[in-house]
Student: 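Quick one: the structure is below, questions incoming.
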There are 2 protein chains.
Amino acid sequence: MFLSSYVNGVDKKGRVSVPAAFRSELATHSRAQVVVYAAPDDKYLYAWGYDDFLQFAEKIKKMPAMSPQRQRLARTLLAAARPLGFDDNGRIMLPENFIKHADISGKAIFAGQGDYFTIWQPENYEAKQEADLEHYEDDLAALSGLWEELGG
Amino acid sequence: MFLSSYVNGVDKKGRVSVPAAFRSELATHSRAQVVVYAAPDDKYLYAWGYDDFLQFAEKIKKMPAMSPQRQRLARTLLAAARPLGFDDNGRIMLPENFIKHADISGKAIFAGQGDYFTIWQPENYEAKQEADLEHYEDDLAALSGLWEELGG
DNA sequence: CTTTATCCCATATGATCCCATAAATTACCA
DNA sequence: TGGTAATTTATGGGATCATATGGGATAAAG
């Protein structure tokens with residue numbers, strides 16, 4: 001499970017250390033890779049462990065062969081995703097287009113989201129957090145609703 | 001599995017490098033060729049690994065011999081398809097009619113779609129991506145719906 | 001005999017590997 | 001417990017390798 005968040009440096013080669021805690025989580029997968037793709041709706045990146053992303057992909061592959069919906073999902077998720085391997089020091093190399101998409105320069109924040117994590121330009125992340133606060137009460141209420149439904 | 005997308009140059013001879021990541025996927029097939037055909041519905045090309053395309057073809061071959069439906073599929077897929085080999089540097093040569101069909105000149109984008117990939121003129125692809133965004137929420141919902149149905 | 005495709009080599013760019021350092025964390029022991 | 005050693009983590013730079021791409025020679029086809 002990906003928990004808590006970490007800020008790491010991005011060097012001029014585009015390399016960045018994935019937090020050790022996340023790395024050991026990723027190591028449990030059949031390939032020690034992280035699959036990254038640009039969030040279609042905002043300036044950040046999604047990052048999944050290999051096996052979890054594969055499950056995602058399998059669902060898409062099970063959709064009707066050439067249906068428009070399947071094709072759209074394949075474009076936004078499969079074609080946009082990149083499996084990134086680690087160098088000996090636990091770094092990945094963020095491709096140019098990802099760095100651009102997320103406005104990253106110098107530093108990046110890795111934010112655990114449970115079964116995946118996201119990568120942001122730190123200032124953008126802080127702004128997003130601030131905005132989240134306004135929904136906090138409502139979101140919490142929704143959560144407790146769910147809680148009761150599930151008999152928790 | 002074909003993941004992520006890459007832009008490569010098409011030289012005046014019509015040659016273009018197939019991304020190395022795709023090449024190594026194609027190399028797992030019984031012949032190191034890629035089977036390409038023009039998308040019937042839009043300006044791009046489909047590209048399959050040899051064995052997977054064969055399986056596809058088998059399905060068509062199992063249809064009643066002279067049925068109009070089989071004949072149409074045979075024309076759009078089998079007759080239009082072309083197995084392309086690689087030169088020593090991992091390039092294929094796109095035949096003139098494919099280049100025309102996809103409006104390709106100078107550059108081409110290879111978009112992984114899981115069990116196959118597609119080839120586009122980059123600007124056309126970007127336009128398509130943009131259009132995809134309008135369906136993003138719905139498509140994602142459909143995917144998670146599938147998710148629960150399948151117990152994922 | 002011209003045109004077109006294939007093969008072969010040469011090169012630049014960019015990715016990957018490897019080592020070296022520094023900071024932070026943990027382990028160990030007086 | 002305080003302090004020191006050992007380990008893990010993050011980071012930087014350079015060497016090496018892979019990939020993409022261009023041009024020309026050779027072979028095949030019309």
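Order of the sequence lines sets the chain letters (A, B, ...), proteins ahead of strands, with each chain counted from 1. Please read these numbers as outputs of a predicted model, since none were measured by experiment.
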Student: Starting at atom CG of B:Asp11, determine the distance to atom P of C:dT4, rounded to an integer number of angstrom.
Tutor: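 Distance, rounded to whole Å: 15 Å.
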Student: With the criterion being N/O to N/O and under 3.5 Å, what pairs connect the protein with nucleotides 18-20 of chain D, and how long is each?
Tutor:
{"unit_1": "D:dA20", "atom_1": "OP1", "unit_2": "B:Ala20", "atom_2": "N", "d": "3.3"}
{"unit_1": "D:dA20", "atom_1": "OP2", "unit_2": "B:Arg23", "atom_2": "NH1", "d": "2.8"}

Student: Without decimals, in angstroms, what is the distance between B:Phe86 CZ and C:dC7 P?
Tutor: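 After rounding, the reported distance stands at 13 Å.
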Student: Among Ile, Leu, Val, Met, Phe, Trp and Tyr joined by side-chain contacts under 4.5 Å, find the other residues sharing a cluster with B:Tyr44 and list them by chain and number.
Tutor: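 Its cluster partners, ordered by chain and number, are A:Met66, B:Val7, B:Val35, B:Tyr37, B:Tyr46, B:Trp48, B:Tyr50, B:Phe53, B:Leu54, B:Phe56, B:Ile60, B:Met63, B:Leu73, B:Leu77, B:Leu78, B:Ile109, B:Tyr116, B:Trp120, B:Tyr125.
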Student: Give the ring-plane orientation class for A:Phe2 versus A:Phe22, where under 30° counts as parallel, over 60° as perpendicular and anything between as tilted.
Tutor: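 A:Phe2 vs A:Phe22 ring planes: perpendicular.
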Student: Measure the CG-CD distance between A:Asp115 and A:Gln55 for me, rounded to the nearest 0.5 Å.
Tutor: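 So the gap between those two atoms works out to 10.0 Å.
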Student: Could you please spell out the steps behind the side-chain hydrogen bond (donor to acceptor under 3.5 Å, both in side chains) verdict for A:Ser30 and A:Asp51?
Tutor: CA-CA 7 Å; A:Ser30 62; A:Asp51 292 340; 2.6 Å; yes
Student: Roughly how many Å is it from CZ in A:Arg15 to P in C:dG14, rounded to a whole number?
Tutor: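 After rounding, the reported distance stands at 15 Å.
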Student: Measure from NZ on B:Lys12 to P on D:dG22 and round the result to the nearest Å.
Tutor: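 Spelled out: NZ on B:Lys12 to P on D:dG22 is 8 Å.
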Student: Can you tell if the side chain of A:Arg70 reaches within under 4.5 Å of the side chain of B:Gln113, non-hydrogen atoms only?
Tutor: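 In short, these two side chains do not touch, never coming nearer than 4.5 Å.
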Student: Rounded to the Å, how far apart are B:Arg91 CZ and C:dT11 C1'?
Tutor: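 The answer, rounded to whole Å, is 12 Å.
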Student: In whole angstrom, what separates B:Glu96's CD from C:dT4's P?
Tutor: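 Answer to the nearest Å: 10 Å.
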Student: What is the distance, to the nearest angstrom, from the CG atom on B:Leu94 to the C1' atom on C:dT4?
Tutor: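 About 16 Å, once rounded to whole Å.
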Student: Quick check: do B:Ser67 and B:Gln71 have side-chain heavy atoms less than 4.5 Å from each other?
Tutor: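 In short, these two side chains do not touch, never coming nearer than 4.5 Å.
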Student: Taking atom C1' of C:dT6 as reference, at what distance in whole Å does atom CD of B:Gln33 sit?
Tutor: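 The distance from CD of B:Gln33 to C1' of C:dT6 comes to 14 Å, rounded to the nearest Å.
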Student: On the nucleotide D:dG14, are OP1 or OP2 found under 4.0 Å from the side-chain N or O atoms that A:Lys13 carries?
Tutor: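 Answer no for this pair, as no side-chain N or O of A:Lys13 is under 4.0 Å from OP1 or OP2.
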